[in-house]
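Below is one structure, written out as structure tokens; the observations come after it.
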2 protein chains.
Amino acid sequence: MARTHGSKAETTRPLIREAARSLFARYGYAAVSMRQIAAEVGVRVGTIYGYTDDKQALLADLLRTHMEELLADWQDAPALPALQRLERFVRFHIDCSLDRTESVFLAYMELRNLTPENRREIATLRRQYEDALEAILKDGVAQGVMQMADTRLATMALIAMLTGVTNWYRPGGRLDRDHVTRIYWDLARGAVGA
Amino acid sequence: MARTHGSKAETTRPLIREAARSLFARYGYAAVSMRQIAAEVGVRVGTIYGYTDDKQALLADLLRTHMEELLADWQDAPALPALQRLERFVRFHIDCSLDRTESVFLAYMELRNLTPENRREIATLRRQYEDALEAILKDGVAQGVMQMADTRLATMALIAMLTGVTNWYRPGGRLDRDHVTRIYWDLARGAVGA
DNA sequence: GTCTATATGGTGATAGAC
DNA sequence: GTCTATCACCATATAGAC
């Protein structure tokens with residue numbers, strides 16, 4: 001990627017990222033043209049290439065940054081009882097999913113539009129995130145406060161269940177976010193036999 | 001769509017459907033060209049237009065047929081106790097998801113590439129499917145064999161959880177399908193407080 | 001029923017002016 | 001840092017020969 005400095009660059013760069021994220025999430029990576037992104041930012045298409053090598057790098061950067069932020073923001077507290085850690089995770093994951101719907105959506109379904117190299121990198125980061133949850137479940141089983149036949153499957157099941165809120169949740173809907181989080185926590189707790 | 005008859009048509013038509021389904025699922029609707037579909041079938045692009053109005057109709061047909069089959073295949077048995085009906089649903093949904101991974105994937109994430117008209121139609125069918133599950137949960141709560149704060153959220157949570165198997169399940173993997181189904185049934189039963 | 005040929009317009013990406 | 005102009009290519013869809 002071109003290394004640019006100065007004041008203008010640092011206003012345009014985030015605008016490009018945000019436009020790309022928003023458009024990719026709404027229409028899909030393949031359906032969005034560099035011209036559309038440029039138009040959304042208010043520049044011409046040539047300008048975009050001052051900030052990114054190509055369209056692929058734009059997507060890979062979005063996904064990498066998202067997964068790195070997710071991992072950085074999740075501060076597990078292993079000293080806590082497993083059940084409290086799981087409750088924290090449920091709340092954290094739902095909050096992140098609703099605060100960053102676009103990125104969560106992209107990370108989930110634009111993996112296939114990454115080059116194999118980029119895909120491997122993002123998949124590794126995602127695997128780390130899954131492992132963070134599985135560690136809690138293993139801990140809970142070891143402590144005897146949770147029961148499940150397979151912590152790996154339970155991990156995948158919980159993440160799919162929690163991420164699913166983005167499919168139907170709309171701000172101002174029937175239930176507010178806290179309410180939703182409490183209900184999902186009940187479902188999750190039941191699923192892991194706690 | 002062009003009405004065609006004769007022997008050749010009825011071999012080519014399903015080939016086009018299968019090629020489109022497979023390619024759309026793998027690369028995404030927007031990323032697949034009519035030329036790619038034609039090449040997969042072994043014909044030239046012009047031939048495709050003898051079987052479909054346009055690319056959009058190809059996608060809409062795939063999704064409509066899939067949802068209609070799903071609804072037709074699900075034969076609920078309301079006379080049964082709610083818990084047994086739920087177990088049937090869990091098994092049914094996982095089996096369908098794994099037998100028809102491509103269609104399930106498309107129905108889940110190519111809605112946004114439908115025209116508003118087509119999207120409404122498919123969304124209505126999906127809603128019927130969700131309602132079939134929710135009816136079981138309401139019944140279970142009424143009978144006192146399940147407990148949950150909100151049957152609608154539990155419905156969405158369960159469907160997301162179950163459909164998630166397509167994200168990681170691979171035939172010949174660590175667990176066979178029956179094993180997976182049993183484990184997910186345990187998770188689902190716990191989630192609904194049974 | 002399938003082909004070839006074509007109309008029309010959009011695509012990612014680059015070169016070079018300012 | 002952003003623009004204009006351009007390249008080479010691919011897209012969807014149609015017309016008409018066979």
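Heavy atoms only: backbone and side chains are in, while hydrogens, waters and symmetry mates are out. Here is the naming used below: chain letters follow the sequence lines, and residue numbers restart at 1 for every chain.
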| Under the side chain to side chain donor-acceptor pair (under 3.5 Å) rule, what pairs show up with a residue in residues 76-85 of chain A, not counting sequence neighbours? | A/Asp76-A/Arg85, A/Arg85-A/Asp139

| message | Measuring from the side chain of B/Met34 (C-beta onward, heavy atoms only), which nucleotide among C/dT2, C/dA13, D/dA13 has the closest atom? | response | D/dA13

| remark: CG (A/Leu58) and OH (A/Tyr29) are apart, to the nearest 0.5 Å, by 8.0 Å

| field | Where at least one partner belongs to residues 166-179 of chain B, residue pairs that pass salt bridge (charged side-chain N to carboxylate O under 4.0 Å, His left out), sequence neighbours excluded | value | A/Asp150-B/Arg174, B/Arg91-B/Asp178, B/Asp95-B/Arg177, B/Asp99-B/Arg177

| For atom CG of A/Asp54 and atom P of C/dT14, their distance in whole Å | 8 Å

| said: If the test is salt bridge (charged side-chain N to carboxylate O under 4.0 Å, His left out), which one of B/Arg126, B/Arg64, B/Arg127 qualifies with B/Glu121? | reply: B/Arg64

| request: Let me have a per-nucleotide readout for nucleotides 4-10 of chain D, 5' to 3', with B, S or -, counting only protein heavy atoms under 4.0 Å. | output: B-B----

| task | Take atom CD1 of A/Ile37 and atom P of C/dG12, then tell me their distance rounded to the nearest Å. | result | 8 Å

| said: Any carboxylate oxygen within less than 4.0 angstrom of a Lys/Arg side-chain nitrogen, looking at A/Asp131 and A/Arg152? | reply: yes

| message | Nearest whole Å is fine: how far is C/dT2 P from B/Tyr51 OH? | response | 4 Å

| query | Within less than 4.0 Å of OP1 or OP2 of D/dA13, is there a side-chain N or O belonging to B/Tyr49? | reply | yes

| task | Just call it for B/Val32: base, sugar-phosphate, or nothing, with non-hydrogen atoms closer than 4.0 Å on any strand. | result | sugar-phosphate

| Inter-residue atom distance A/Tyr184.OH - B/Met156.CE, 0.5 Å rounding | 7.0 Å

| Atom-to-atom span, CG of B/Leu15 to P of C/dT2 - whole angstrom | 10 Å

